[in-house]
Student: 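Let me give you the structure first, and then I'll get to my questions.
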Number of protein chains: 2
Amino acid sequence: MGIVRKTKAVKILLDLFDNGFSAISAVDLVERLKDEMNKTTVYRALDRLEDDGIVHSFVGKSGLKWYAKCKSSCTADHHNDVHPHFECKKCKKVMCLPVEVTIPNIPNHTIDNTAVFITGICDNCND
Amino acid sequence: MGIVRKTKAVKILLDLFDNGFSAISAVDLVERLKDEMNKTTVYRALDRLEDDGIVHSFVGKSGLKWYAKCKSSCTADHHNDVHPHFECKKCKKVMCLPVEVTIPNIPNHTIDNTAVFITGICDNCND
DNA sequence: TGTATTAACGCAACTAAAATGCATTAAATT
DNA sequence: AATTTAATGCATTTTAGTTGCGTTAATACA
Ligand SMILES: [Mn+2]
Ligand SMILES: [Mn+2]
Ligand SMILES: [Zn+2]
Ligand SMILES: [Zn+2]
């Protein structure tokens, strides 16, 4: 189970995700919120938000953990809304890509989960 | 530039990759080779092997770094042979998948690199 | 085959991300 | 308002990987 109490810390985090950047790393959040809450609180609150299907996480190319808000379709038990993530090597922004990636059939393998991480140059930096 | 001298450590590593498991994490290698070389040596030798296109690396679901041998088509300057990686949640093995994943067009984005990491159950564990 | 050069190594110390233990605080419930 | 306990803050620890530096051993060459 995830969030039980709507604490100050949780409200601040939810607010940040709503007035949304596309995705933010745990490290960035810890730094950005260092005057408002302890880094342990950031990590633990993110854990709970993810448990509840409010945010989802993924690891970037360097192994850092990133978080982004889930679409309303996600719940605690079912994490729908699976999509690739994109890191712009120019502006360093990381974003969710609302596209579908099809994995070809892999004989005798049962696919559980697919994580796609793309790097390149984003639309904003491209023109 | 990568490997210049064929040291004992490099030979041991190459030997491991040849009598190949599919993919192995740096952490596993450090542990497995702890009696034969220092962990710093493992990390540095892997770096050089990757520079030369002899092995390639990728980040697993938990953020750990994994290594696998490259196909002969890879060189120091051109890393061909891009493919998804698969982790079996039963036997915990991680392997290279020799399949092609097509990324749909993303308007105005320039794609540089794509990493696909799949989890599920491997052929061996499936029957 | 010996000597010189320096890439590579070992070891200790360090860094960064994340996790943990525990006493304290503040949401929620009554 | 009093009670309960989820959530927090702070200190400490763990884990993965890196760095600096003195030493060693692979290669080249006399
Ligand atoms: Mn996303
Ligand atoms: Mn591979
Ligand atoms: Zn950009
Ligand atoms: Zn398996």
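Reminder, nothing fancy here: chain letters follow the sequence lines and each chain counts from 1.
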Student: Are the side chain of D52(A) and the backbone of A76(A) linked by a donor-acceptor contact shorter than 3.5 Å?
Tutor: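 A pair under 3.5 Å: no.
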Student: Go through L33(B) and D35(B) one step at a time and tell me if the side chain to side chain contact (heavy atoms under 4.5 Å, CB included) criterion holds.
Tutor: CA-CA 5 Å; L33(B) 297 173; D35(B) 294 330; over 6 Å; no
Student: Does a side-chain N or O from Y43(B) land closer than 4.0 Å to OP1 or OP2 of dG17(D), or not?
Tutor: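 Checking dG17(D) against Y43(B), a side-chain N or O does come within under 4.0 Å of OP1 or OP2.
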Student: Examine the base of dG17(D) for any acceptor or donor lying under 3.5 Å from a partner atom in the side chain of K65(B), and report the outcome as yes or no.
Tutor: no
Student: Hey, does the side chain of E87(B) reach the backbone of G120(B) with a donor-acceptor pair shorter than 3.5 angstrom?
Tutor: no
Student: Across the strands shown, which category fits L46(B) at heavy-atom distances under 4.0 angstrom: base, sugar-phosphate, nothing?
Tutor: nothing
Student: Rounded to whole Å, please give me the gap between NZ in K34(B) and C1' in dA16(D).
Tutor: 16 Å
Student: Ignoring hydrogens and angles, tell me if any N or O in the side chain of N38(B) forms a donor-acceptor pair with the backbone of T40(B) under 3.5 Å.
Tutor: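 Such a contact is found between N38(B) side chain and T40(B) backbone.
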Student: Is there a donor-acceptor pair closer than 3.5 Å between any side-chain N or O of S22(A) and the backbone N or O of V94(A)?
Tutor: yes
Student: Starting from the 5' end of DNA chain C, give me the residue, G63(A) or N38(B), whose nearest nucleotide shows up first.
Tutor: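 The 5'-side residue here is N38(B).
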Student: Whole angstroms only, please: what is the CE-P distance between M37(B) and dG17(D)?
Tutor: 16 Å
Student: State plainly whether one hydrophobic cluster holds both I54(B) and V42(B), where clusters connect Ile, Leu, Val, Met, Phe, Trp and Tyr through side-chain heavy atoms under 4.5 angstrom apart.
Tutor: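 Looking at the clustering, V42(B) is in the same group as I54(B).
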Student: Would I12(A) end up clustered with I3(A) when hydrophobic side chains under 4.5 Å apart are linked, directly or stepwise?
Tutor: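 Yes, I12(A) connects to I3(A) through the hydrophobic network.
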Student: Along DNA chain C, 5' to 3', what are the outermost nucleotides having an atom less than 4.0 Å from a heavy atom of chain A?
Tutor: dA17(C) to dA28(C)
Student: Please confirm whether the ring centroid of F86(A) lies under 6.0 Å from the ring centroid of H109(B).
Tutor: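 Yes, ring centres under 6.0 Å apart.
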Student: Scan nucleotides 19-30 of chain D nucleotide by nucleotide, 5' to 3', and note B when protein non-hydrogen atoms come under 4.0 Å of the base, S if they reach only the sugar-phosphate, - if neither.
Tutor: BB----BBS---
Student: For L64(B) and R48(A), find the nucleotide of DNA chain D closest to each by heavy atoms; which residue's nucleotide sits nearer the 5' end?
Tutor: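 The residue closer to the strand's 5' end, by nearest nucleotide, is R48(A).
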Student: Toward the 5' end of DNA chain C, which comes first, D47(A) or G2(B), by nearest nucleotide?
Tutor: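 Checking each residue's closest nucleotide, the 5'-ward one belongs to G2(B).
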Student: Please test T119(B) against K61(B) for side chain to side chain contact (heavy atoms under 4.5 Å, CB included), starting from the C-alpha separation and ending with a verdict.
Tutor: CA-CA 8 Å; T119(B) 51; K61(B) 224 192 170 187; 3.8 Å; yes
Student: Would L49(B) and L14(B) count as a side chain to side chain contact (heavy atoms under 4.5 Å, CB included) here? Give the steps.
Tutor: CA-CA 9 Å; L49(B) 287 170; L14(B) 284 178; 3.8 Å; yes
Student: Using five base pairs at each end to define the local axes, how bent is the helix from dT1(C)-dA30(D) to dT30(C)-dA1(D), to the nearest 10°?
Tutor: 30°
Student: Please determine, by modelled atom types, if D81(A) and H83(A) share a side-chain donor-acceptor pair under 3.5 angstrom.
Tutor: yes
